[in-house]
Amino acid sequence: MVNVAVLGYGTVGSGVVEVLNTNKDIIRQKAGEELKVKYVLDLREFEGDPVSEILVHDYDVILKDKDVKIIAEAMGGEEPAYTFTKNALLAGKSVCTSNKELVAKHGAELLEIAKKNNANYFFEASVGGGIPIIRPLNQCLVADEITEISGILNGTTNYILTEMSEKGSAFEDVLKDAQDKGYAERNPEADVEGYDACRKIAILTSLVTGAQVDFEDIHTEGITRITDADFKYAKAMKASVKLLGRSKRIDGKFYSMVAPFLVKADNPLYSVNGVFNGILVHGNMVDDVMFYGQGAGKCPTASAVVSDVVDAAKNLGKNVPVVWSKNKSELGKFEECKSRFFVRMKDKGLDDDQMTTIIEAFGDVLYVKAEGVVDELAFITKEIKEAEFAEQIKRFEDVYSVIRVDF
Ligand code: NDP
Ligand code: HSE
């Protein structure tokens with residue numbers, strides 16, 4: 001029997017306990033031994049819940065118990081999760097986590113500590129919720145040079161965009177719904193401003209390059225400026241608006257960003273809706289591979305954490321190597337990235353200057369009309385560099401919105 005402790009009995013932590021209980025027999029068979037939850041750590045009491053019998057409030061109880069071999073960390077946040085994880089690994093205990101904030105910031109260091117102490121730091125649930133993506137990148141796709149990762153990496157925002165687009169729901173209402181369903185971060189700004197997707201693309205790019213990609217270096221935009229009119233134009237173009245995290249290798253450097261994009265039906269990410277995530281990986285040998293599934297939520301995420309717990313149980317006292325050094329991986333300059341841009345601005349009517357300036361700024365553009373939207377000019381530019389677009393768009397007043405175009 002292998003004893004496990006769960007840190008945090010919220011959405012994911014309670015899911016971990018549920019998965020381990022519900023699939024006890026299957027898990028025993030796969031792990032080769034029974035996995036028993038010996039402790040659950042939380043700040044709160046859970047009266048009437050059987051977890052009360054194993055609930056502790058002092059982490060030292062877990063740390064000092066030599067029988068606890070594996071810890072599932074589902075508290076979230078940087079501290080005390082960082083200190084708890086580090087101390088567990090130093091004590092030779094393996095840690096499995098869904099905490100992408102911690103993984104993005106301290107992943108390389110914690111992997112190094114795990115290695116030195118013949119333990120493991122696993123983080124399958126940190127990207128894509130229930131979707132297997134970390135292990136595929138570390139194991140199944142290692143024969144390839146990965147040249148691109150492009151994905152819908154945040155369930156909350158994809159849920160919001162889908163509900164707004166399909167039902168015309170209000171942003172705040174859908175966000176509240178996503179929070180009630182347990183999809184959103186404690187501070188949902190991390191979701192809607194794109195920070196969560198940014199940490200996830202930083203983790204994936206770190207794994208691909210084998211070195212530290214700092215999320216602070218990644219240009220990030222969220223979905224808070226997307227409006228009903230944008231969805232009307234998207235429909236007119238037979239496109240949908242998706243928050244994408246992407247990293248593209250060009251001339252040996254990765255160029256990464258997180259931003260809303262207009263995508264069309266020939267892109268597999270177009271039909272990834274609701275809380276689902278989709279991650280497209282391109283390798284120079286395997287070509288395109290797509291990973292799809294629920295990107296957030298209790299049981300899908302807990303399923304990924306428990307798969308790590310099983311892996312940790314199968315590798316007790318033995319480190320499974322993950323290549324992710326603390327050396328910084330330099331990203332290509334965002335200003336050099338090229339995109340087409342969909343621009344909406346106030347229509348100045350018979351003002352010829354406006355048209356002339358558009359041509360001067362962007363050359364020939366493709367004008368777009370949407371039913372029910374009036375007094376606006378909307379167009380798509382040809383592909384230009386971010387820096388050039390930023391410079392040229394300054395020439396216009398009353399710009400309502402700018403969305404990058406992926407077609
Ligand atoms: P919750 O807020 O639902 O759960 C966190 C739990 O940990 C709460 O019960 C909290 O208690 C407890 N906790 C916080 N600090 C401490 C502490 N110092 N000691 C003991 N317990 C503590 O969060 P989630 O379960 O949603 O998320 C957990 C982690 O998983 C986060 O990193 C999140 O980003 C990640 N994640 C979440 C997914 C989801 O769908 N929800 C999906 C994938 C990853 P209290 O409430 O009293 O503060
Ligand atoms: N808040 C995150 C999301 C949880 O919505 O994707 C999963 O990482």
Side-chain angles (χ1 to χ4, degrees), residues 5-18 39-46 49 51 55-63 71-85 95-107 123-131 133-134 151-162 174-175 177-201 203-204 222-223 243 245 258 272 274-279 293-306 308:
V6 178
L7 311 187
Y9 195 64
T11 304
V12 178
S14 64
V16 168
V17 173
E18 187 176 326
Y39 304 107
V40 168
L41 177 89
D42 204 282
L43 302 168
R44 292 173 289 162
E45 301 297 334
F46 297 93
D49 186 321
V51 83
L55 189 68
V56 292
H57 301 298
D58 178 4
Y59 179 62
D60 277 352
V61 175
I62 294 169
L63 190 63
I71 289 177
E73 187 268 300
M75 297 188 305
E78 191 175 343
E79 281 294 358
Y82 169 71
T83 306
F84 286 4
T85 301
V95 178
C96 308
T97 188
S98 56
N99 185 342
K100 54 263 160 147
E101 192 179 340
L102 192 60
V103 176
K105 191 148 187 194
H106 298 288
F123 44 91
E124 185 58 70
S126 66
V127 181
I131 307 173
I133 179 66
I134 303 294
I152 293 169
L153 299 172
N154 183 272
T156 302
T157 45
N158 205 43
Y159 182 73
I160 293 173
L161 290 172
T162 306
V174 199
L175 173 58
D177 193 18
Q179 287 177 296
D180 292 346
K181 287 185 156 93
Y183 302 155
E185 295 303 305
R186 185 160 281 233
N187 177 1
E189 199 180 279
D191 297 293
V192 298
E193 296 295 353
Y195 311 144
D196 179 72
C198 172
R199 289 179 186 122
K200 289 166 175 168
I201 196 69
I203 293 170
L204 298 180
I223 63 161
L243 183 71
V258 172
V272 175
V275 72
F276 281 76
N277 285 188
I279 308 164
Q294 285 203 38
K298 179 176 168 176
C299 287
T301 308
S303 152
V305 177
V306 174
D308 278 348

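All ligand and atom numbering here is 1-based and tracks the order in the structure. Sequential numbering from 1 along the given sequence is applied to the chain's residues. Owing to the predicted nature of the structure, the values given are computational and were not obtained by experimental measurement. Side chains are part of it too, since the values below use all heavy atoms of this structure and drop only hydrogens, waters and symmetry mates.
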Participant: To the nearest 0.5 angstrom, please state how far the CD1 atom of I223 sits from the CG atom of L243.
Facilitator: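 So the CD1 of I223 and the CG of L243 are separated by 7.0 Å.
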Participant: Quick one: look up the protein heavy atom nearest atom 5 (O) of ligand 2 and list residue, atom name and how far away it is.
Facilitator: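 Ranked first by proximity to atom 5 (O) of ligand 2 is T156 OG1, 2.6 Å.
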Participant: Just to be sure I understand the cut-off, which residues have at least one non-hydrogen atom under 4.0 angstrom from an atom of ligand 1?
Facilitator: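 Within 4.0 Å of ligand 1, protein side: G8, Y9, G10, T11, V12, L41, D42, L43, R44, A74, M75, G76, P80, S98, N99, K100, A125, G182, E185, R186, A296, G297, T301.
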Participant: Applying the side-chain contact (heavy atoms from CB on, under 4.5 Å) test to K200, which of I279, V127, V103 qualifies?
Facilitator: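 With K200 as partner, side-chain contact (heavy atoms from CB on, under 4.5 Å) holds for just one option, V127.
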Participant: So is G295 in contact with ligand 2, going by heavy-atom distances below 4.0 Å?
Facilitator: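 Right, G295 reaches ligand 2.
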Participant: When rounded to the nearest 0.5 angstrom, what is the spacing between CZ in R199 and CG in N99?
Facilitator: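 CG of N99 is found 9.0 Å from CZ of R199.
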Participant: Which atoms of ligand 2 sit under 4.0 Å from any heavy atom of G155?
Facilitator: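 What qualifies from ligand 2 is 3 (C), 5 (O), 6 (O).
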Participant: Could you list the residues that satisfy salt bridge (Lys or Arg N to Asp or Glu O under 4.0 Å) with R186, not counting sequence neighbours?
Facilitator: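 Per chain and number, R186 pairs via salt bridge (Lys or Arg N to Asp or Glu O under 4.0 Å) with no residue.
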Participant: To the nearest 0.5 Å, what is the distance between CG (D196) and OG1 (T157)?
Facilitator: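 These two atoms lie 8.0 Å from each other.
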Participant: Apply salt bridge (Lys or Arg N to Asp or Glu O under 4.0 Å) to E193 and list each qualifying residue two or more places apart in sequence or on a separate chain.
Facilitator: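 E193 satisfies salt bridge (Lys or Arg N to Asp or Glu O under 4.0 Å) with no other residue.
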Participant: Go through the side-chain N and O atoms of Y183 and D191 and say whether any donor and acceptor fall under 3.5 Å apart.
Facilitator: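 Not at all, the side chains of Y183 and D191 share no donor-acceptor pair under 3.5 Å.
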Participant: How does D196 reach ligand 2, if at all, at less than 4.0 Å between non-hydrogen atoms: by side chain, backbone, both, or neither?
Facilitator: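 The side chain, only.
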Participant: Kindly write out the residues that satisfy side chain to side chain donor-acceptor pair (under 3.5 Å) with D180, not counting sequence neighbours, or none if the list is empty.
Facilitator: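 Partners of D180 under the side chain to side chain donor-acceptor pair (under 3.5 Å) test: K176.
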Participant: Please check if any side-chain donor atom of Y82 sits under 3.5 Å from a side-chain acceptor atom of K105, or the reverse.
Facilitator: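 Side chains of Y82 and K105: no pair found under 3.5 Å.
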Participant: Between the candidates V12, D191, V275, which shows the shortest non-hydrogen contact distance to atom 1 (N) of ligand 2?
Facilitator: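 It is D191 whose heavy atom sits nearest to atom 1 (N) of ligand 2.
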Participant: So for ligand 2, is K200 a polar contact partner (N or O within less than 3.5 Å, distance only)?
Facilitator: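 In this structure, K200 places an N or O atom under 3.5 Å from an N or O of ligand 2.
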Participant: If you measure every N/O of A296 against every N/O of ligand 2, is any gap under 3.5 Å?
Facilitator: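 It does not: no N or O of A296 is found under 3.5 Å from an N or O of ligand 2.
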Participant: Any N or O on K100 sitting closer than 3.5 Å to an N or O of ligand 2?
Facilitator: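 Between K100 and ligand 2 (N or O atoms, distance only) the closest approach is under 3.5 Å.
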Participant: Mind checking whether F46 and Y9 have parallel, tilted or perpendicular rings, split at 30° and 60°?
Facilitator: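 Rings of F46 and Y9: perpendicular, as their planes differ by over 60°.
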Participant: Short list, please: which atoms of ligand 2 are under 4.0 Å from a heavy atom of E185?
Facilitator: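 In order of numbering, the contacting atoms are 1 (N), 2 (C), 4 (C).
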